[in-house]
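Working notes, beginning with the structure itself.
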Amino acid sequence: MTNLRISEWRKLPISLKELCIDTTLRCGQSFRWRKLENEGWTCTLHGQILSLKQDESGLQYRSMRPNISSSLDQQAQLTKPGIDVQNELEETERLLKHYLNLEPNLSALYEQWSSVDPNFKKRAPRFTGIRILKQDAWEALIGFICSSNNNIVRISQMVHNLCLHYGPLIGHVNSQPFHDFPTPESLTGPTVESHLRELGFGYRARYIARTATIVAKEKPEGWLQSLCNNDDFPDQKLPPGGREGYRRAHEELLNLQGVGPKVADCVCLMGLGWGESVPVDTHVWQFAQRDYKFGKGKHRSLTKATYDAVGDHFRQLWGIEAGWAHSVLFAADLKTFSDKVATKVEIKVDEIKVKEEGETILDLKTVLKREYQVDVIKDEVDEEKTKELAQDSPRAGRAKRRKL
DNA sequence: CCTCGCCCTTGAGC
DNA sequence: AGCTCAAGGGCGA
């Protein structure tokens with residue numbers, strides 16, 4: 001095991017309503033946290049390894065830093081002048097508070113969204129404590145370039161491989177290596193694309209290599225950070241298209257390779273701190289049609305115009321932190337969390353079907369039995385609504401159909 | 001402006 | 001065993 005200086009466990013007083021790490025770290029906004037036996041959620045952050053544990057009493061964390069000299073044992077390190085342990089503890093706490101984005105009052109936001117949106121009010125109680133993290137913008141950018149046509153498990157694997165091969169090793173925990181996220185510079189070079197293809201990145205290999213080159217060589221130093229939101233006290237007025245700074249950041253990101261509207265919005269929201277950013281992916285498009293009357297007339301398919309209209313709608317409905325509310329409903333739509341949503345199976349007997357065969361019309365009375373899987377919020381089962389849902393839901397058409 | 005085929009890989013479902 | 005399809009899209013014609 002690599003020589004690490006391990007801090008004591010410290011406590012951060014925060015309720016599960018304000019932050020639920022088990023949901024927040026798995027809902028597809030960050031891809032590097034690993035849950036280890038006896039260690040909890042673990043990830044590298046700015047040259048150190050952080051572990052998080054949470055129960056009803058609060059959040060616990062500890063840091064693991066690489067030793068400067070491996071010849072000294074832990075006791076010697078602790079007493080060695082030059083290493084200010086107290087200072088490091090404070091630094092870790094600052095880092096963690098910043099990353100977890102603990103400033104906004106999440107309960108108050110949930111209440112506000114619930115008061116203006118019955119659908120949010122119905123679904124949110126099963127998904128409390130989902131907080132938008134303040135991730136590093138560069139990491140978010142690469143992570144979401146990887147996300148196209150992909151699933152969370154595989155995205156996480158790809159990001160892990162990226163760190164393993166291109167990021168500096170920080171240390172081992174439970175005999176697993178932990179690397180920091182690679183810099184843009186380290187992902188430039190003539191062999192990166194082909195190597196990433198060998199590692200299974202597919203067509204995203206070229207996007208990553210090109211975007212890394214643009215950021216490292218063509219843009220000025222600190223360009224990505226310059227797009228981030230520094231408005232600590234946003235005024236309540238929000239233009240339908242979002243604040244000027246958000247629009248500019250979004251537009252700038254579109255010039256990169258492998259970055260379309262959706263990926264740009266993910267980076268704006270999770271890497272640059274623009275709360276009004278609403279990434280519209282297949283899940284969001286699904287519930288926009290199911291619960292918010294999109295998918296008809298002018299906004300039949302998810303074109304760029306429809307994409308903007310969906311975002312504008314949610315911004316007007318939810319306000320300046322619309323992206324936060326969006327993440328709650330997104331999580332509610334993930335199969336990963338289907339254990340949080342009770343599944344009710346409805347049996348419905350179809351109408352008698354008449355089957356034609358050549359010239360003879362056979363009265364084949366085929367009774368079809370359909371099983372509809374309907375997401376039902378536990379303890380809030382409304383029979384009429386449920387049936388309606390089953391018939392209107394896009395899932396109903398793909399529901400299992402068995403002949404008897 | 002909208003639509004479509006294509007891009008890589010993996011796992012589930014049939 | 002083999003096929004289709006979707007998984008948090010983007011790009012070019």
Side-chain angles (χ1 to χ4, degrees), chain A residues 23-32 127 130 132-133 135 139-162 192-211 214 250-251 253-271 277-290 295-311 314 323-338 371 373 394-395 397-403:
Chain A
T23 315
T24 299
L25 299 181
R26 288 192 303 149
C27 71
Q29 53 173 319
S30 61
F31 303 105
R32 284 200 299 136
F127 297 90
I130 297 181
I132 296 294
L133 303 168
Q135 295 181 79
E139 177 181 343
L141 174 59
I142 295 304
F144 287 108
I145 285 177
C146 291
S147 77
S148 77
N149 262 331
N150 214 342
N151 57 68
I152 294 177
V153 174
R154 189 175 162 224
I155 298 164
S156 303
Q157 188 57 49
M158 285 164 64
V159 171
H160 179 67
N161 269 329
L162 209 56
V192 171
E193 181 184 339
S194 58
H195 184 215
L196 291 182
R197 279 186 183 272
E198 287 173 17
L199 291 175
F201 281 68
Y203 59 83
R204 304 162 197 88
R206 174 168 35 196
Y207 294 158
I208 293 169
R210 287 190 180 180
T211 289
I214 294 173
H250 193 267
E251 189 182 342
L253 290 170
L254 289 181
N255 293 324
L256 301 170
Q257 288 292 311
V259 181
K262 187 266 175 183
V263 170
D265 269 321
C266 286
V267 178
C268 282
L269 178 63
M270 297 152 195
S277 177
V278 179
V280 182
D281 50 55
T282 56
H283 288 282
V284 178
W285 178 232
Q286 291 298 315
F287 72 66
Q289 294 174 89
R290 187 187 62 204
K296 288 177 273 191
K298 183 69 193 156
H299 300 125
R300 201 167 180 75
S301 60
L302 188 52
T303 64
K304 182 66 174 76
T306 304
Y307 184 99
D308 292 336
V310 172
F314 286 136
W324 290 53
H326 134 281
S327 294
V328 176
L329 295 188
F330 173 79
D333 216 56
L334 279 182
K335 272 191 289 182
T336 321
F337 300 128
S338 56
E371 286 183 11
Q373 283 219 327
R395 290 174 64 174
R398 285 188 262 115
K400 276 186 184 173
R401 178 188 289 197
R402 282 206 301 244
K403 282 184 186 173

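In what follows, chains are A, B, ... by sequence order, proteins preceding strands, each numbered from 1. Both backbone and side-chain heavy atoms feed into the values below; hydrogens, waters and symmetry mates do not.
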Under 3.5 Å donor-acceptor pair, [X] side-chain atoms to [N] base atoms:
X	N	value
A/K262	C/dG9	no
A/R204	B/dC8	yes
A/N150	C/dG8	no
A/Y203	C/dG9	yes

Self-check item: Nucleotide paired to C/dG8 in any strand shown, Watson-Crick or G-U, under 3.5 Å
Solution: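 Its partner: none found.
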Atom pairs under 3.5 Å, N or O on each side, protein against nucleotides 2-4 of chain B: can you list them with distances?
from	atom 1	to	atom 2	distance (Å)
B/dT3	OP2	A/S301	OG	2.8

Could I get a table of every N or O pair under 3.5 Å where one atom is in the protein and the other is in nucleotides 10-12 of chain B?
none

Self-check item: Short side-chain donor-acceptor distance under 3.5 Å, A/S148 and A/Y203
Solution: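 Present: a donor and an acceptor within the cut-off.
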Exercise. Please determine, for the side chain of A/H283, which listed nucleotide (C/dG10, B/dC8, C/dG8) has the closest atom?
Key: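 Of the candidates, C/dG8 comes closest.
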Quiz item: Which nucleotide, C/dG10, C/dG8, B/dC7, lies nearest any side-chain atom of A/V263?
Solution: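 In terms of side-chain proximity for A/V263, the closest of C/dG10, C/dG8, B/dC7 is C/dG10.
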Practice problem: Would you mind classifying the nucleic acid contact of A/F330 as base, sugar-phosphate or nothing, using non-hydrogen atoms under 4.0 angstrom? | Solution: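 Contact class for A/F330: base.
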Self-check item: Matching residue for A/I132 among A/S327, A/S277, A/C27 - test: side-chain contact (heavy atoms from CB on, under 4.5 Å)
Solution: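 Of the listed options, the one satisfying the test is A/S327.
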